[in-house]
Amino acid sequence: RMLTPAARFGLREALGQAYAGQLWLIDRSSGPQTAGQAALPAMRSKKTVEAVEPPAQAKVAKIESAKALTKPPHHDTKRQVTAPHPEAQWHHDTKRQVTAPHPEAQRKRCMDGALDCGMLHELMSEQWGQFQDSLDALTQEAAERQATFDTTMMNINDELTVVNDKKTRFMELLSSTISSINADTEEMNERDEQKRALTHEFDKASALYRSKISEVLLSRICAVQKVRNELMTRSALTPPASISDCDFSDWVSKTGECFSTPGKAITCDDNCPNRDPYKCGGRETMKRDVIVLPNENGMRCPTLERQRHCGQQRCPVDCAISVWSGWSKCSKGCEGGLQVRTRSVLTKPRFGGLGCDAVQEARPCNTGSCDHDCTLEDWGTWTPCSTACGGGMMARSRQVLVPIQGRGRCPKADAGERFEERHCNVHDCAGDEICVAQQDLVLLVDASGSLGRDGFHSLRSFAAALASKYVSRYFGQPAAQLAVALFGNGHLVSQPDGTTAITPAIAVQELTDNLDLVHKNILGLEWQNGFTNLAQGLALADTMLSQGGREHARSAILVLSDGKYSFRHQTAEKVQEVKDKNIELFMAPVTEVHGREIEDLKRWASFPWQTSFQQIPGLQALKHNANTFAQRLITQFCPNSFSLSLQRAQDEQKQYMLVRKGGWPNDSCATRSQTAKALALIDDCAVAARETRVQAFAFVTQEAQGTGCYLLQMQVSKEDWISATLNRTDVKCPHGAWEDNELADTYVLNPGIAL
């Protein structure tokens, strides 16, 4: 009676299976059976009849069946057990009703079949990466906390030392401490002398070691690498792009423990100092990890483990102090006074022991200080517009110059008094924007297993469409250089020492201004079906920028991925390393998911993330709208992009256009004459050119002398105007050549308009 209907049904089903099993055993014990004579069909028939019978009849049949099973068998030796007649058996089986399994239950079964190995590999690498990230994060957190603790303790000890130095002024009131004060003073002098001597030796040794480190770094490493790279630029077999040097982390403790000779963990040794340094203290194992494996042309990895001495200091003796005295009288009646109390040092700290806590303590009294609001700095400069068109935002802020005092007030960082935003570039995008920025950009393309083959093909086509939006030369000046690297080929590589490392990313194309070659190489990319080794991809992009980047160009990395990554801790370290080199980092994940990984990519993108991060809503959307999303990335990530059609419309409206940036014609192409009156605007210079019936002018910006307008006697035909309108990559100077002048820009008037 206490059973629920569902539980009662389950119990009945289990009892029916038990009875059927007993019948099968009885049939087996009755004698040998031939093929087709089995008790299992009979059992199934019983269950089928039971299933179609009414509940009352099924219950009666089940009880009768149970009684028959419990009745003892008759031991009749004359009894012959015969197998059921085949026709009767067939007739009995025809009553059995066979029902197909329910689809919902069937689809939950785990069955052998074709697996997506790439997706499974990516999933396992994510799980492994999570454990590795947790270990790395905990190790780093422990190291940071230890460093913070050591720094805090050092600061506290320094503060305690300063306070201890002041104790003599207060202890003069107690005659019983005069002798102790004199002894302390004498010892302090000795210690100061020792400190000066040790400080002198330390400064001398530090200067020597710093000079040696600089010599090794600059002369033996950096200089050699630079010479090697310069030499290899002339090599057809081993160009710099094919060289991948070993990259490794800093030395860290392998276990974080110091062990004595018997193998016991120690932190100090009272036998130190000893004339023989090997007879005191212990040894600690240091290690460093390989981040990027060298190829056959790169610098080999150095030793990854070494031993160092540790615990070679005496065990500390902590300070012991007396109880506090009573509070003194308040020093002031208003505007904030002080009350002090003191205590004595009973045992001085030695050998790095905990320093003495404050021997003097003060507390405010008779407060009522004046209240002062904070003082803010002047407004900062406006940030660049977040997009080149379609409506972006610009922001500026004010920082706190003087903090508040007392009960003063200060606006929050996002308050109107300290933060302002305004709309910018609100005009609609024309859809034909191109990037003409002087930028060295590495396209990092994801080829991991989680993308799938079709997804990778969509991402590859999108990368090709995006690369076609960049221009290598415009208005006669160099513009963008592109490089291509492929990641997502992550696999584990066994090392000779038994450890494992991750395969490096693939360098597809070094930085070049041959953008047609870049487009061709992107379309030739192949799916790697590995896990997402984004850290190795960033390391390769960093190397490509350092080897082929231009001095005055902006360095940037654009990551095209499905929003996943492996080894979060390692990737975050490499991201910070890239940012420390002033390399812009753009993130364009192709995924519909909004989770922790997307938040990490936002945080890893360059500040502010609103201008360096753009999420594309899935591979299907990308496949059918590749050009739209490419246009969106150009307007957001390119620092200098504009629309060709919009520029042509503006030129037709103004009836003059820019044909050369950072240069003007030489004497063979045109003669120059400066206007008598200084003109501050380009439009004014164009008006002066029309009035003097010349077809070109140069506008010069001089920081010290202001602006200048130069009229140019240069022949410009209607064909020249149309040609320059269609192609402004490198407009030719009629009947001559251009001279470089970074302060001058050259414009031509529309010859179709009467002068």
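Remember, it's a predicted structure, so these values are computed and weren't measured experimentally.
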Test side chain to side chain donor-acceptor pair (under 3.5 Å) applied to Asn229 and Gln225, step by step: CA-CA 6 Å; Asn229 292 339; Gln225 286 184 346; 5.8 Å; no
Test side chain to side chain contact (heavy atoms under 4.5 Å, CB included) applied to Asn750 and Lys718, step by step: CA-CA 7 Å; Asn750 188 351; Lys718 185 65 176 179; 3.5 Å; yes
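- Interatomic distance, CD1 of Ile522 versus CG of Leu443, reported as 5.5 Å (0.5 Å rounding).
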Candidate pair Ile634 and Leu466, rule side chain to side chain contact (heavy atoms under 4.5 Å, CB included), full reasoning: CA-CA 8 Å; Ile634 285 294; Leu466 180 64; 3.9 Å; yes
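- Here the closest heavy-atom approach between residue Arg648 and residue Leu726 is recorded as NH2-O, 4.1 Å.
- Remark: side-chain polar atoms of Arg568 are not paired, donor with acceptor, to backbone N or O of Ser566 under 3.5 angstrom.
- When side chains are defined from C-beta on, Phe613 counts as touching Pro589, because their heavy atoms get closer than 4.5 Å.
- Heavy-atom neighbours of Lys226 NZ from other residues, nucleotides or ligands within 6.0 Å: at or below the threshold of 12.
- Partners of Asn297 according to the side chain to side chain contact (heavy atoms under 4.5 Å, CB included) rule, which considers only residues two or more places apart in sequence or in another chain, are Thr238, Ser242, Ile243, Asn295.
- Looking only at distances, a side-chain donor or acceptor of Lys579 sits under 3.5 Å from a matching main-chain atom of Trp604.
- Every residue two or more places apart in sequence or in another chain was checked for a side-chain hydrogen bond (donor to acceptor under 3.5 Å, both in side chains) with Asp414, and none qualifies.
- Using a 4.5 Å heavy-atom cutoff, the side chains of Phe567 and Phe531 are in contact.
- Under 3.5 Å, the side chains of Gln576 and Asp580 contain a donor-acceptor pair of N or O atoms.
- Taking each heavy atom of Met587 and Leu601 in turn, the nearest pair found is CG-O, 3.6 Å.
- Note that CH2 of Trp664 and CZ of Phe699 are 13.0 Å apart. Values are rounded to the nearest 0.5 Å.
- The list of salt bridge (Lys or Arg N to Asp or Glu O under 4.0 Å) pairs with a residue in residues 519-546, not counting sequence neighbours, reads Asp542-Lys581.
- Distance alone, capped at 3.5 Å, places no donor-acceptor pair between the Thr746 side chain and the Ala698 backbone.
- Among all heavy-atom pairs drawn from Val659 and Trp738, the shortest one is CG2-CH2, 4.0 Å.
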For residues 616-630, run the donor-acceptor check on the side chains, cut-off 3.5 Å, and write out each pair with its distance to 0.1 Å, sequence neighbours left out.
unit_1: Asn625; atom_1: ND2; unit_2: Ala621; atom_2: O; d: 2.9
unit_1: Asn627; atom_1: OD1; unit_2: Lys469; atom_2: NZ; d: 3.0

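- In Asn582, the CG atom is not crowded: 12 or fewer heavy atoms of neighbouring residues, nucleotides or ligands sit closer than 6.0 Å.
- Looking at Gln636, its side chain does come within 3.5 Å of a backbone N or O of Gln610 through a donor-acceptor pair.
- Separation of atoms CZ (Arg453) and CH2 (Trp527) is listed at 5.5 Å; rounding is to 0.5 Å.
- Put simply, the side chain of Leu138 reaches to within 4.5 Å of the side chain of Glu141, judged on heavy atoms.
- With rounding to the nearest 0.5 Å, the separation of CD in Glu597 from CG in Asp562 is 8.5 Å.
- At least one side-chain heavy atom of Leu304 sits under 4.5 Å from a side-chain heavy atom of Asp497.
- No donor-acceptor pair closer than 3.5 Å links the side chain of Ser472 to the backbone N or O of Asn514.
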Check against side chain to side chain contact (heavy atoms under 4.5 Å, CB included), Gln477 and Gln438: CA-CA 9 Å; Gln477 296 297 319; Gln438 192 172 7; over 6 Å; no
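- Listed for the Asn489 side chain is a donor-acceptor partner under 3.5 Å among the backbone atoms of Pro504.
- Here the side chains of Val716 and Leu749 are not in contact, with every heavy-atom distance at 4.5 Å or above.
- The two atoms that bring Asn533 and Gly488 nearest to each other are OD1-N, 2.7 Å, heavy atoms only.
- Sorted by first and then second residue, the disulfide bond (SG atoms under 2.5 Å apart) pairs involving residues 542-658 (not counting sequence neighbours) are Cys435-Cys638.
- For the pair Leu538/Leu585, a side-chain contact is recorded, criterion being any heavy-atom separation below 4.5 Å from C-beta on.
- None of Asp513, Val518, Leu515 except one satisfies the side-chain contact (heavy atoms from CB on, under 4.5 Å) rule with Tyr470; the exception is Leu515.
- Each ring-ring contact (aromatic ring centres under 6.0 Å, His included) pair with one or both residues in residues 569-590, not counting sequence neighbours, appears once here: Phe586-Phe637.
- At distances below 3.5 Å, not a single donor-acceptor pair connects side-chain atoms of Gln536 with backbone N or O atoms of Thr503.
- A 4.5 Å side-chain heavy-atom check between Asn529 and Phe456 finds every atom pair outside the cut-off.
- Residue pairs that meet the disulfide bond (SG atoms under 2.5 Å apart) test with at least one member in residues 507-537, sequence neighbours left out, do not exist here.
- Of all heavy-atom pairs between Ile434 and Leu644, the closest is CD1-CD2, 3.7 Å.
- The disulfide (SG to SG under 2.5 Å) check on Cys246 picks up Cys301, with sequence neighbours excluded.
- Minimum interatomic distance between Gln631 and Asp432 (heavy atoms only, all atoms of both residues): NE2-C, 3.5 Å.
- Judged by distance alone, the side chain of Ser612 and the main-chain N or O of Trp609 form no donor-acceptor pair under 3.5 Å.
- Side chain of Gln481 to backbone of Gly549: no donor-acceptor contact under 3.5 angstrom is found.
- The side chain to side chain contact (heavy atoms under 4.5 Å, CB included) test applied to Ala395 returns Thr383, Phe419, Glu421, not counting sequence neighbours.
- Here Glu510 contributes atom CD and Met544 contributes atom CE; the two are 7.0 Å apart, rounded to the nearest 0.5 Å.
- One finds no salt bridge joining Arg596 and Glu599 here, because no Lys/Arg side-chain nitrogen approaches an Asp/Glu carboxylate oxygen to under 4.0 Å.
- Every residue two or more places apart in sequence or in another chain that forms a side-chain hydrogen bond (donor to acceptor under 3.5 Å, both in side chains) with Asp720 is listed here: Ser717.
- Every side chain to side chain contact (heavy atoms under 4.5 Å, CB included) that Arg473 has, sequence neighbours left out, goes to Pro478, Arg660, Thr729, Asp730.
- Between Phe487 and Gln528, the closest side-chain pair of non-hydrogen atoms is not below 4.5 Å.
- In this view, Asp745 and Leu658, Lys661, Tyr747 satisfy the side chain to side chain contact (heavy atoms under 4.5 Å, CB included) rule, not counting sequence neighbours.
- In terms of modelled atom types and a separation under 3.5 Å, the side chain of Thr532 and the main chain of Leu534 share no donor-acceptor contact.
- The line from CG of Leu540 to NZ of Lys574 is 10.5 Å long, rounded to the nearest 0.5 Å.
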